[in-house]
Amino acid sequence: AQKITQTQPGMFVQEKEAVTLDCTYDTSDPSYGLFWYKQPSSGEMIFLIYQGSYDQQNATEGRYSLNFQKARKSANLVISASQLGDSAMYFCAMREGIGDYKLSFGAGTTVTVRA
Amino acid sequence: DSGVTQTPKHLITATGQRVTLRCSPRSGDLSVYWYQQSLDQGLQFLIQYYNGEERAKGNILERFSAQQFPDLHSELNLSSLELGDSALYFCASSVGEGGLNTGELFFGEGSRLTVL
């Protein structure tokens, strides 16, 4: 079974607008971490934001925020005030347990920002 | 710059050949991970090493092998190459166990392998 599901293969967003990327996860482990990475066309993987399963507040990093709904097992990424440089592939990933840092990745969502 | 160095950046070879991909983790990181990214399979975890020992194994083919050396650099060996092995191979590192580490992985820029 897929541990991470990203249902949006591609999205278009207007510059300066906000965009929400969906991510749902599946785990029975009470301790886990959720991550978002950005992969621009150049290919490198850039860490954006992290949310721990026990964190009470939603994570925020600059223009990135994570809408964590534990009961629904969702961890959506919100990018506010989109910029042309935000055009990239975005991956949601999960670490299960403590001491095992392997990340399982979703299929990714391609975001294209329009001027 | 993540601090993780991968070589070579690009590699073109023929079916049946063998290649070695090299990774130097961030200074101080004990764990090294290898991932394969292909168009049809997405990002697939291959193998993890922690301080020289194999820690976890994913979808790694028997034709592939890896090791982590005492200086913590790692090599991924791919043999009897097939067309389907063409992919972007990422190395990532993390601090490893303990402390308040979130488990964030720092990725290298990848080695793009093309098998002709």
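Bear in mind the structure is a predicted one, so any value in this text is a computation, not a measurement. So that the names make sense, note that chain A is the first sequence line, chain B the second, and so on, each numbered from 1.
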### Query
Atom CD of B:Gln37 and atom CE of A:Met89: how far apart are they, to the nearest 0.5 Å?
7.0 Å

### Message
For B:Leu39, I'd like to know if atom CG has over 12 heavy atoms of other residues, nucleotides or ligands within 6.0 Å.
### Response
no

### Task
Give a yes or no on whether A:Lys70 atom NZ has more than 12 heavy-atom contacts from other residues, nucleotides or ligands under 6.0 Å away.
yes

### Task
Measure the spacing between CZ of B:Phe107 and CG of A:Leu103 and express it to the nearest 0.5 Å.
6.5 Å

### Hydrophobic cluster membership, A:Leu66 vs A:Ile79, 4.5 Å side-chain cutoff
yes

### Task
Identify which part of B:Gln44 has an atom lying under 4.5 Å from any heavy atom of chain A, answering side chain, backbone, both or neither.
neither

### Query
Does atom CD of B:Gln6 have more than 12 heavy-atom neighbours from other groups under 6.0 Å away?
yes

### Query
Should we say atom CZ of B:Arg112 is surrounded by more than 12 heavy atoms from elsewhere, each under 6.0 Å from it?
no

### Task
State the CD-OH distance between B:Glu104 and A:Tyr50, to the nearest 0.5 angstrom.
10.5 Å

### Task
Identify whether A:Ile4 and A:Met11 are in the same connected component of the hydrophobic contact network (ILVMFWY, side-chain heavy atoms under 4.5 Å).
yes

#### Entry: Single hit among A:Phe105, A:Phe91, A:Tyr37 for ring pair (Phe, Tyr, Trp, His ring centres under 6.0 Å) with B:Tyr35
A:Phe105

### Query
Is the shortest heavy-atom distance from the side chain of A:Met45 to the side chain of B:Phe90 under 4.5 Å?
yes

### Query
Side chain, backbone, both or neither: which part of A:Gln39 has a non-hydrogen atom closer than 4.5 Å to chain B?
side chain

#### Entry: Atom group of B:Leu43 that falls short of 4.5 Å from chain A, counting heavy atoms
both

### Query
Do B:Ile47 and A:Lys102 have side chains that get closer than 4.5 Å, going by heavy atoms?
no

#### Entry: ILVMFWY network linking A:Leu77 to A:Val113, side-chain heavy atoms under 4.5 angstrom
yes

